[in-house]
Protein chains: 2
Amino acid sequence: MENVKEETLVIDCSIEKALDVIGSKWSFLILRELFGGTKRFSELQRAIKGVSPKALTNALRHMEENEIVIRKVYPTVPAKVEYSLTDKGQDLHKIIKEMKLWGAKWG
Amino acid sequence: MENVKEETLVIDCSIEKALDVIGSKWSFLILRELFGGTKRFSELQRAIKGVSPKALTNALRHMEENEIVIRKVYPTVPAKVEYSLTDKGQDLHKIIKEMKLWGAKWG
DNA sequence: CAGCATCCAAAACGATACTG
DNA sequence: CAGTATCGTTTTGGATGCTG
């Protein structure tokens with residue numbers, strides 16, 4: 001297990017890192033939204049078509065653990081939670097930008 | 001189903017296209033290999049750690065259907081199959097490049 | 001060599017209902 | 001509002017064995 005991981009690290013490299021940190025397809029879509037600025041949970045849910053609260057939570061937690069999003073809780077009633085990008089997360093913008101360009105060109 | 005798809009298309013957009021065409025995490029790794037030039041099935045399998053022939057085939061077929069890779073069969077014995085990128089596939093290079101840069105910076 | 005077929009386990013998801 | 005809990009389904013992938 002550990003040696004397997006080591007080997008992987010030796011062979012690669014950077015793409016795996018990016019993929020692991022981003023996590024899933026949903027995360028790309030979340031990123032796209034958050035580049036537009038801080039968003040609330042429900043805003044994300046509305047903006048990202050077809051995502052369930054569960055999937056959204058999973059993706060956000062994963063991104064939080066990997067330090068690309070920040071979760072800010074306002075202890076109000078009703079609850080209010082805002083998500084935004086860290087610098088590390090902002091830096092993913094170029095990737096998404098290239099994906100957009102590609103999609104626009106070939107989609 | 002169809003109307004759902006239509007709605008999705010209307011709302012977006014380009015990232016989804018790119019994600020759908022690429023398909024899975026494996027595809028990113030395949031892309032990375034193919035940017036280095038034409039590769040045989042077994043070469044891909046060796047280069048991409050942890051991929052099973054099934055997963056590799058799935059990813060390649062998907063990419064083939066979406067016209068980003070070309071599958072060339074040499075009717076020899078033993079069989080020989082080479083995979084390479086189309087122009088559309090080559091154009092994904094920028095995305096992978098940005099992912100590499102990000103991974104190198106933050107990994 | 002390059003897969004396909006089969007079986008099976010694990011993960012991801014959607015839907016729904018419920019809570020602080 | 002922002003989730004969590006649960007259920008059942010779908011997807012995904014590894015393992016294995018077989019074929020042209």
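Computed over heavy atoms, backbone and side chain alike; hydrogens, waters and symmetry mates excluded. On a predicted model such as this, the values are computed, not experimentally measured, just so you know. Throughout, protein chains are lettered first and strands after them, A, B, ... in sequence-line order, and every chain is numbered starting at 1.
The phosphate of D/dA2 has OP1 or OP2 within less than 4.0 Å of a side-chain N or O from A/Ser42. Applying the 4.0 Å criterion to OP1 and OP2 of D/dC1, one finds that A/Arg40 has every side-chain N and O outside that range.
The two atoms that bring B/Phe35 and B/Leu92 nearest to each other are CZ-C, 3.7 Å, heavy atoms only. Considering every non-hydrogen atom in both A/Leu60 and A/Val69, the closest pair reads O-CG2, 3.8 Å. Between A/Ile22 and A/Ser27, the shortest heavy-atom distance links the atoms O-OG, 2.7 Å. In plain terms, the two heavy atoms of B/Ile68 and B/Val21 that are nearest each other are CG2-CG1, 3.7 Å. Among all heavy-atom pairs drawn from B/Val73 and B/Pro75, the shortest one is O-CD, 3.5 Å. Scanning both residues, B/Ala55 and B/Trp26, for their nearest heavy atoms gives CB-NE1, 3.8 Å.
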Would you check, one step at a time, whether the test salt bridge (charged side-chain N to carboxylate O under 4.0 Å, His left out) holds for B/Arg32 with A/Glu16? CA-CA 11 Å; B/Arg32 183 186 57 195; A/Glu16 277 91 342; 3.0 Å; yes
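Taking every heavy atom of residues 60-85 of chain A and every atom of DNA chain D, pairs under 4.0 Å involve A/Arg61, A/Arg71, A/Pro78, A/Ala79, A/Lys80, A/Val81, A/Tyr83, by number. Applying a 4.0 Å cut-off to non-hydrogen atoms, none of the residues of residues 18-27 of chain B approaches DNA chain C.
Spacing between atom CG of B/Leu29 and atom P of D/dT12 amounts to 16 Å, rounded to whole angstrom units. Distance CG (A/Asn58) to C1' (D/dA2): 14 Å, rounded to an integer number of Å. What separates NZ of A/Lys39 from P of D/dG3 is a distance of 16 Å, to the nearest Å.
At distances below 3.5 Å, not a single donor-acceptor pair connects side-chain atoms of B/Glu64 with backbone N or O atoms of B/Arg61. At least one donor-acceptor pair under 3.5 Å links the side chain of B/Thr86 to the backbone N or O of B/Glu67. Without hydrogens or angle criteria, B/Thr76 side chain to B/Ala79 main chain gives no donor-acceptor distance under 3.5 Å.
Comparing the helix axis at one end of the helix from C/dC1-D/dG20 to C/dG20-D/dC1 with that at the other, each defined from 5 consecutive pairs, gives an inter-axis angle of 50° (nearest 10°).
Put simply, A/Leu44 and A/Ile70 are part of two different groups of oily side chains (I, L, V, M, F, W, Y) that touch within less than 4.5 Å, one to the next.
Under the 4.0 Å criterion applied to side-chain N and carboxylate O atoms, A/Glu65 and A/Arg71 are not assigned as salt-bridge partners.
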Per-pair distances, 0.1 Å, donor-acceptor, side chain in residues 93-107 of chain B, under 3.5 Å, sequence neighbours excluded:
unit_1   : atom_1 : unit_2  : atom_2 : d
B/Trp102 : NE1    : A/Lys88 : O      : 3.1
B/Lys105 : NZ     : A/Asp91 : OD2    : 2.9
B/Trp106 : NE1    : A/Asp91 : OD2    : 2.9

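For the residue pair A/Asn58/A/His62, the side-chain donor-acceptor check at 3.5 Å is not satisfied.
For the pair A/Lys80 and A/Tyr74, the cation-pi criterion (under 6.0 Å, within 45° of the ring axis) is fulfilled.
The footprint of chain A on DNA chain C, defined by a heavy-atom cutoff below 4.0 Å, extends from C/dC13 to C/dG20.
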When you compare the protein's N or O atoms with those of nucleotides 7-9 of chain D, which come within less than 3.5 Å of each other, and at what distance?
unit_1 : atom_1 : unit_2  : atom_2 : d
D/dC7  : N4     : A/Lys54 : NZ     : 3.3

